[in-house]
Amino acid sequence: MSKQKPSIPKGMRDFDPAEMARRNYIFDTIKEVFKLFGYQQLETPAMENLSTLTGKYGEEGDQLLFKVLNSGEFLKKVSKDDFNEGERNVLPKIAEKGLRYDLTVPFARYVVMHQNEITYPFKRFQVQPVWRADRPQKGRYREFYQCDADVVGTDSLICEAEILVMIKQVFAKFGLMDYAIKINNRKILSGMAEVIGETGKEGDLCVAIDKLDKIGWEKVSEELFQKGFSKEAIAALSPVLETNHKSNFERLQFFKEYLAQSSVGRKGLEEMEEVLAFFAMLGGNEKHVVFDPVLARGLSYYTGAIFEVKVDGVQIGSVSGGGRYDNLTGVFGLPGISGVGFSFGVDRLYDVLDALDMFPVQQKESTQVMLACFGEMERNKGLKILATLREAGIAAEIYPDLVKIKKQFNYADKKNIPFVAILGAEELSNETISLKNMKTGKQETLSLERVISEVKNPTME
RNA sequence: GUGAUUGUAGCUCAGCUGGUUAGAGCGCUGGUUUGUGGCACCAGAGGUCGCCGGUUCGAACCCGGUCUUUCACCCCA
């Protein structure tokens, strides 16, 4: 008996059965759509070598990696000099592994390791937790699940178009009506940097311009100025803002002129148009799909299309995001493989559906019938009945202890079990079972066969 | 990583400027009802006031540290 109350680490959570039922609803919905589009499931380990993970997410990302201390005498390799030099020198000698930060990089590692066994294009999905040493906040946890779907080994823009369709299908299944799938292209952003005369600074441009919605143009231009953008460059950027309330088509027309001098920019626009064209051919409706030229996204490995999905009316960050990465496997020694993928954030989707009160009131995961027995003889007979019920595919349980019937009913009530089957002396001698519908309160004495059909298809009023 | 913020019974919260045995509602357990849950009534159990240290005759309350919660920034699912 420990006196001290146990606890869990910062940003980690337990999920009780009610929460798990709802989380599984989200997982199942997403997996179903992934499979419908030909994606197959893959799992990779929680831990990767730190060398696999570092340098893929930008400097900020590297700092958010959870490092795992080497086992054994982990200080052995550290010299006094290393120690005096600080963490930078000590870290690589005491930690060689880390927890995965996303599912895309481990997937790229997998593709390189198994390059000769894989049939391309390779479509896989992955539903696993990832870890980030971030400060927790609403909608931001240190351990959370991602549902990733990626295709590698093709640069066809049909993949991008299909991603849009998949996102729309998932949201339709959840019954979400008000949301925006923002789509942009890193090449368009590069083109923007080029035409304003700040080639090579697209990183800073992205970070600043991404905040436009949040902090407004004035603050964004201030930030750009501080990052070393010239006044002329910032002024040259302002026409982009004018496209704010236009249609996707009008925005494309604008950028054709705006980016005319930039070959990357033109390429990006072509890709955008093609994605939207394929999307239309797949029967996609452009409702909810927004070409957003100021969408940037932080991860450094994206090179083509980028996506992000936000739900209106809730103060929760994006619930889905992704993009194309042309050379992610390159850093692991396999160049020339293009990939595109996206991910749903289950934990945020949960918060969104919860805030909007949109979870179905399903009881799919709970017991359908509980056996309540008056004594030992009844209970022993109940065990046989229990086995029959389960054979019939009915989720059933028996109250294991010989306690007052009232207590057994209480248990069924608390657990929201829709039926209680009662076994007493009378039932035992008549070879019957009294079945009570806990919602209606009605009770009938039935044969076992009738109990099975009644539980499966309730007819009792 | 920077700046704030929170922590009292299983849950939601009271607790006046530091003063005797820390309270409520809900929940829980038992009973009224030894073949029936939800309702009602009655009774009961549960807290070294996040943790460690300090100030004080005396700390849930003041001070310091630490952990945790929430929030803004950074960044992100």
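Within every chain, numbering begins at 1; the chains are lettered A, B, ... in the order of the sequence lines, protein sequences first and strands thereafter.
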Fill in: Ring centers of A:Phe342, A:Phe307 separated by less than 6.0 Å
no
Item to complete: Take atom C1' in B:rU20 and the same atom in B:rC57, then report the distance between them in whole Å.
Response: 14 Å
Item to complete: Ignoring backbone atoms, establish whether A:Lys404 has a side-chain N or O less than 4.0 Å from OP1 or OP2 of B:rU36.
Response: no
Worksheet item: With respect to the side chain of A:Lys407, which nucleotide from B:rG37, B:rA77, B:rU29 is positioned closest?
Response: B:rU29
Discussion item. Check the phosphate of B:rG27 against A:Lys414, side-chain N and O only, distance under 4.0 Å to OP1 or OP2. Yes or no?
Written reply: no
Worksheet item: Got more than 12 heavy atoms from elsewhere within 6.0 Å of NZ, A:Lys219?
Response: no
Worksheet item: Within the side chain of A:Glu19, is there an N or O that forms a donor-acceptor pair under 3.5 Å with the backbone of A:Asp16?
Response: yes
Practice prompt. Determine the contact category for A:Tyr411: base if any of its heavy atoms lies under 4.0 Å from a base atom, sugar-phosphate if only primed atoms, P, OP1 or OP2 are that close, otherwise nothing.
Written response: nothing
Discussion item. Mind checking if A:Ser318 touches a base, just sugar-phosphate, or nothing, with heavy atoms under 4.0 Å?
Written reply: sugar-phosphate
Discussion item. Would you measure the distance from the P atom in B:rG50 across to the matching atom in B:rU8 and give it in whole Å?
Written reply: 6 Å
Worksheet item: Side-chain donor-acceptor pair under 3.5 Å between A:Asp102 and A:Tyr57, yes or no?
Response: yes
Worksheet item: Would A:Glu162 and A:Lys123 pass as an ion pair if we require N to O under 4.0 Å?
Response: yes
Worksheet entry | Same-atom distance (P) from B:rU29 to B:rC39, integer angstrom | 13 Å
Item to complete: Tell me what A:Gln63 touches on the nucleic acid: a base, only sugar-phosphate, or nothing, going by heavy atoms under 4.0 Å.
Response: nothing
Output a table of nitrogen or oxygen pairs between the protein and nucleotides 66-69 of chain B separated by less than 3.5 Å.
unit_1 : atom_1 : unit_2  : atom_2 : d
B:rU68 : OP1    : A:Lys10 : N      : 3.4
B:rU69 : OP1    : A:Gly11 : N      : 3.2

Discussion item. Between A:Lys138 and A:Asp351, does any NZ, NE, NH1 or NH2 come within less than 4.0 Å of an OD or OE carboxylate oxygen?
Written reply: no
Discussion item. At 4.0 Å (heavy atoms only), tell me whether A:Gly61 reaches a base, stays on the sugar-phosphate, or touches nothing.
Written reply: nothing
Practice prompt. Name the residue closer to the 5' end of RNA chain B, choosing between A:Val207 and A:Ser434 according to the nucleotide with the nearest heavy atom.
Written response: A:Ser434
Worksheet item: Expressed in whole Å, how much space separates the P atoms belonging to B:rA60 and B:rA9?
Response: 14 Å
Item to complete: Compare side-chain N and O positions of A:Lys415 against OP1 and OP2 of B:rG37 and report whether any pair is under 4.0 Å apart.
Response: no
Item to complete: Measure from the side chain of A:Glu426, starting at C-beta and using heavy atoms only, and say which of B:rU36, B:rC74, B:rG35 lies closest.
Response: B:rG35
Fill in: Rounded C1' spacing from B:rG7 to B:rC71 in Å
16 Å
Worksheet item: Quick one: which of B:rU36, B:rG38, B:rC76 gets closest to the side chain of A:Asp413?
Response: B:rG38
Worksheet item: Does one side chain, of A:Tyr411 or A:Asp401, offer a donor that lies under 3.5 Å from an acceptor on the other?
Response: no
Set out, line by line, the N/O atom pairs under 3.5 Å between protein and nucleotides 40-43 of chain B.
none

Worksheet item: Within a reach of under 6.0 Å around CE of A:Met12, are more than 12 heavy atoms found that belong to other residues, nucleotides or ligands?
Response: yes
Discussion item. Counting the atoms with a prime plus P, OP1 and OP2 as sugar-phosphate, which does A:Ile405 contact under 4.0 Å by heavy atoms, base, sugar-phosphate, or nothing?
Written reply: sugar-phosphate
Response to the item:
RNA chain B nearest-nucleotide lookup for A:Ala425 and A:Lys310: closer to the 5′ end is A:Ala425
Worksheet item: When we call it a touch if two heavy atoms are under 4.0 Å apart, what does A:Gln137 touch: a base, just sugar-phosphate, or nothing?
Response: base
Item to complete: Look at A:Lys211 and B:rC75 and indicate whether a side-chain polar atom (N or O) is within less than 4.0 Å of OP1 or OP2.
Response: yes
Worksheet item: Is the ring centre of A:Phe144 under 5.5 Å from the base ring centre of B:rA77, and are the two planes under 30° apart, so that they stack?
Response: yes
Item to complete: Looking at every strand, decide which applies to A:Glu308 at a 4.0 Å heavy-atom threshold: base, sugar-phosphate, or nothing.
Response: nothing
Worksheet entry | Glycosidic conformation of B:rG58, taking syn as within 90° of 0 and anti otherwise | anti
Worksheet item: Are side-chain N/O atoms of A:Thr303 and A:Arg324 paired as donor and acceptor at under 3.5 Å?
Response: no
Worksheet item: Would A:Lys97 and A:Glu48 pass as an ion pair if we require N to O under 4.0 Å?
Response: no
Worksheet item: Between A:Lys56 and A:Thr54, is there a donor-acceptor pair closer than 3.5 Å when you use the side chain of the first and the backbone of the second?
Response: yes
Discussion item. Measuring only the C1' atom in each nucleotide, how far is B:rC76 from B:rU12? A whole number of Å is fine.
Written reply: 32 Å
Fill in: Any A:Lys138 side-chain N or O less than 4.0 Å from OP1/OP2 of B:rA72
no
Item to complete: Can you run through RNA chain B from 5' to 3' and write each base as (, ), [, ], | or . depending on how it pairs? Watson-Crick or G-U wobble, both distances under 3.5 Å.
Response: ((((..(..((((.....[...)))).(((((.......))))).....(((((..]....))))))..))))....
Discussion item. Contact between A:Gln169 and A:Phe37 at the side-chain level, heavy atoms closer than 4.5 Å - yes or no?
Written reply: yes
Worksheet item: Under the side chain to side chain contact (heavy atoms under 4.5 Å, CB included) test, which residues partner A:Ala355, sequence neighbours left out?
Response: A:Val314
Discussion item. When you measure from the side chain of A:Arg132 to the backbone of A:Arg142, do you find a donor-acceptor pair of N or O atoms at a distance under 3.5 Å?
Written reply: no
Worksheet item: A:Val130 near the nucleic acid: base, sugar-phosphate alone, or nothing, with a heavy-atom cut-off under 4.0 Å?
Response: nothing
Produce the list of close N/O pairs, under 3.5 Å, pairing protein atoms with atoms of nucleotides 2-9 of chain B; give distances to one decimal.
unit_1 : atom_1 : unit_2   : atom_2 : d
B:rU2  : O4     : A:Arg135 : NH1    : 2.7
B:rG3  : O6     : A:Arg135 : NH1    : 3.0

Worksheet item: Do any N or O atoms from the side chain of A:His288 and from the backbone of A:Met177 form a donor-acceptor pair under 3.5 angstrom?
Response: yes
Worksheet item: How far, in whole Å, is B:rG19 from B:rA59 if one measures between their P atoms?
Response: 11 Å
Worksheet item: Who passes side chain to side chain contact (heavy atoms under 4.5 Å, CB included) against A:Glu222, sequence neighbours left out?
Response: none
Response to the item:
Closest to the side chain of A:Gln146, out of B:rA77, B:rG35, B:rG37, is B:rA77
